[in-house]
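Notes to accompany the following structure.
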Amino acid sequence: MEQKMFCYQCQETAGCRGCTMVGVCGKQPDVAAMQDLLVYVSRGISAVTTALRGEGKEVSPVINHLITLNLFITITNANFDKESIETRIRATLEEKAKLLAQLSTTQGLPEAALWDGSGDWEEKAKTVGVLSTENEDIRSLRELITYGLKGLSAYSKHANVLLQDDQEVDAFLQRALAATLDDSLTVEDLVALTMETGKHGVAGMAMLDKANTSAYGNPEITKVNIGVGKNPGILVSGHDLRDLEMLLEQTQGTGVDVYTHSEMLPAHYYPAFKKYPNFVGNYGNAWWKQKEEFESFNGPILMTTNCIVPPKDSYKDRMYTTGAAGYPGCTHIPGEVGEQKDFSAIIERAKKCAPPTQIETGEIVGGFAHAQVLALADQVVEAVKSGAIKKFVVMAGCDGRAKSRDYYTEFAKALPQDTVILTAGCAKYKYNKLPLGDIGGIPRVLDAGQCNDSYSLAVIALKLKEVFGLDDINDLPIIYNIAWYEQKAVIVLLALLYLGVKNIHLGPTLPAFLSPNVAKVLVDNFGIAGIGSVEEDMKLFFGENA
């Protein structure tokens, strides 16, 4: 049977090999084709911007933001709207033509930089997708870099909307994206570029951390309500805190409450959001349960980024998208970096809806980003020195639908009582509502926030290394057992590798885009490994008595 597409950028890709007929995520072949083409033209314009910088010419933030958003749009579960993707391709081609005119010479530029958009786009897409690179190892490394850059683009976009930019990060992202077109680069060259991607991943996460904390304060220990109120509500999912802020401002005095969902949960930890009386709590769980939870919420849903699950007809007309997110038939709320978005349509819709149906009650605790944990450093260090805390386990990353991810719930339950979990990302929904207790007042689950906040886990580890006077970060009593799903997890992994972290366990499967030879490089140099059974891994991490 002839394949209609090829995509293997997420953990749930079909058979852990690649989606060839339709995406497991719900992405249709024609959308996959246009996403491939958007990545291709983004590589092309990046080759042009890199050449311009080589000539000493400046590239405007508008162009940087265009390329960043292009990549973010192609991330897993963000945008399923073919027309909006085609609009991005046209805009990119128009901007590229203007930039080409500024170059003193176009000699040496790759074909992607010179393509003017002529011809049949569907046919063009067939020639520029993942499988257009024939050598398996070169293809694997190009995709590993590209997926890392997609994750970096997500972090950059969230910082950009808070008016934070890092020109070095932008220049690198574009240079590395252009390098994935360069057939002269060897496996060794691309391995080096992969590590450089991790270096700039750290810089990108630091930029976002600065943007978030400058705008909203340092996250603090917070109890978040998981019940509901009596007013109609708007449910906000995704990662964009600026979108949430604008919505909260516009809902004041309207009688409409605002709730977070999935990755937006950590917004409750920031002091700036606590001033809004209608910011009620968090509704539901991880992204993949949204079909049931969006239906029972009753009110409109705002998707600020991924992760979108193709909606049921019962609530599709009350699902709205903005930013990089998009879904055909759902109203998209426009607004560029620095612009005020108009959420009046979603607010008016909410007023006509019933209040949310309660699905659970109680509270969950979070807010353990680096500033808060470092404020507790003396207490944590004393607990380690006394033996009350024997180990930390970093269980960050993503959640997903696969039954195999129940491993992380069972693993958390099986951990020794003298073990503390450090987490960030929606992976926490596998265990953040379990009664795991505390150690001398220190909760056994320290939630730093979104996957965007994985930077906090690196800062905490580096600070503990300094406090304990260690020469190597790997001498810390920290185990890394990380769940991955999409491309933000890839940049977090590359960032940790750049920081020197070894022996990371990654699951529930290793990425399909790692060729055997590339996987061997990661295993041999960094000790990357998969997961086994809970019983096997308990013995591996804690010895035979676990």
Side-chain angles (χ1 to χ4, degrees), residues 61 64-65 67-69 71-73 75 78 147-173 197-220 236 238-246 260 262-273 304-307 322-325 337-338 366-374 396-398 423-426 447-462 486-496 498-499:
N64 293 336
H65 296 164
I67 296 168
T68 295
L69 184 56
L71 285 190
F72 196 1
I73 280 172
I75 214 165
Y147 302 153
L149 296 175
K150 287 187 180 191
L152 179 56
S153 76
Y155 296 153
S156 293
K157 166 63 166 56
H158 295 313
N160 295 159
V161 297
L162 293 172
L163 306 183
Q164 294 280 344
D165 288 88
D166 185 326
Q167 292 186 3
E168 287 189 21
V169 168
D170 288 326
F172 169 76
L173 184 148
T197 303
K199 173 185 174 181
H200 287 86
V202 174
M205 286 191 278
M207 172 177 62
L208 178 56
D209 182 75
K210 177 185 175 184
N212 286 340
T213 56
S214 296
Y216 307 119
N218 283 304
E220 55 194 21
V236 186
H239 306 74
D240 201 302
L241 296 179
R242 176 60 182 141
D243 285 334
L244 175 65
E245 180 184 29
M246 287 186 282
T260 56
S262 191
E263 286 282 33
M264 197 56 81
L265 163 65
H268 293 278
Y269 311 156
Y270 288 91
F273 292 115
T304 64
T305 62
N306 58 329
C307 294
T322 193
V337 170
F368 295 93
H370 59 88
Q372 181 65 81
V373 173
L374 297 185
C398 315
T423 191
C426 60
D447 174 20
Q450 297 181 342
C451 52
N452 297 357
D453 299 307
S454 298
Y455 175 73
S456 275
L457 304 184
V459 171
I460 291 166
L462 291 169
E486 43 85 35
Q487 296 79 64
K488 292 192 290 295
V490 175
I491 193 61
V492 170
L493 173 65
L494 297 183
L496 289 173
Y498 169 74
L499 291 172

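In this chain, residues are counted from 1 in sequence order.
Between the OG atom of S456 and the CG atom of L374 there is a distance of 8.5 Å, given to the nearest 0.5 Å. Put simply, OG on S153 and CD1 on I67 are 11.0 Å apart, with the number rounded to the nearest 0.5 Å.
Checked by atom type, the side-chain pair H239/T304 shows no donor-acceptor distance below 3.5 Å. Side-chain atoms of Y270 and N218 include no donor-acceptor pair closer than 3.5 Å. A donor and an acceptor atom, one from each side chain of D165 and N160, are located under 3.5 Å apart. Checked by atom type, the side-chain pair H370/D209 shows a donor-acceptor distance below 3.5 Å. Between the side chains of Y216 and E245, at least one donor N or O sits under 3.5 Å from an acceptor N or O.
Considering K488, Q487, E263 as possible partners of N306, the one that fulfils the side-chain hydrogen bond (donor to acceptor under 3.5 Å, both in side chains) test is K488.
Taking D240 as the reference, K157 meet the salt bridge (charged side-chain N to carboxylate O under 4.0 Å, His left out) condition, with sequence neighbours excluded.
V492 is listed as a side-chain neighbour of M205, based on a closest heavy-atom distance under 4.5 Å. Contact of the P61 side chain with the V337 side chain is not registered, since no non-hydrogen atoms from C-beta on lie closer than 4.5 Å.
In this structure, H200 and F172 have parallel ring planes: the angle between them is below the 30° cut-off, well short of the 60° mark.
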* To do: Start with the C-alpha distance between D170 and T68, add both sets of side-chain angles, then the distance that settles side-chain contact (heavy atoms from CB on, under 4.5 Å), and finish with yes or no.
  => CA-CA 8 Å; D170 288 326; T68 295; 4.0 Å; yes
* Asked: For I491 and Y155, what are the C-alpha separation, side-chain angles and deciding distance, and is it a side-chain contact (heavy atoms from CB on, under 4.5 Å)?
  -> CA-CA 10 Å; I491 193 61; Y155 296 153; 3.3 Å; yes
* Give the intermediate values and the outcome of side-chain contact (heavy atoms from CB on, under 4.5 Å) for residues L241 and N212. => CA-CA 8 Å; L241 296 179; N212 286 340; 3.6 Å; yes
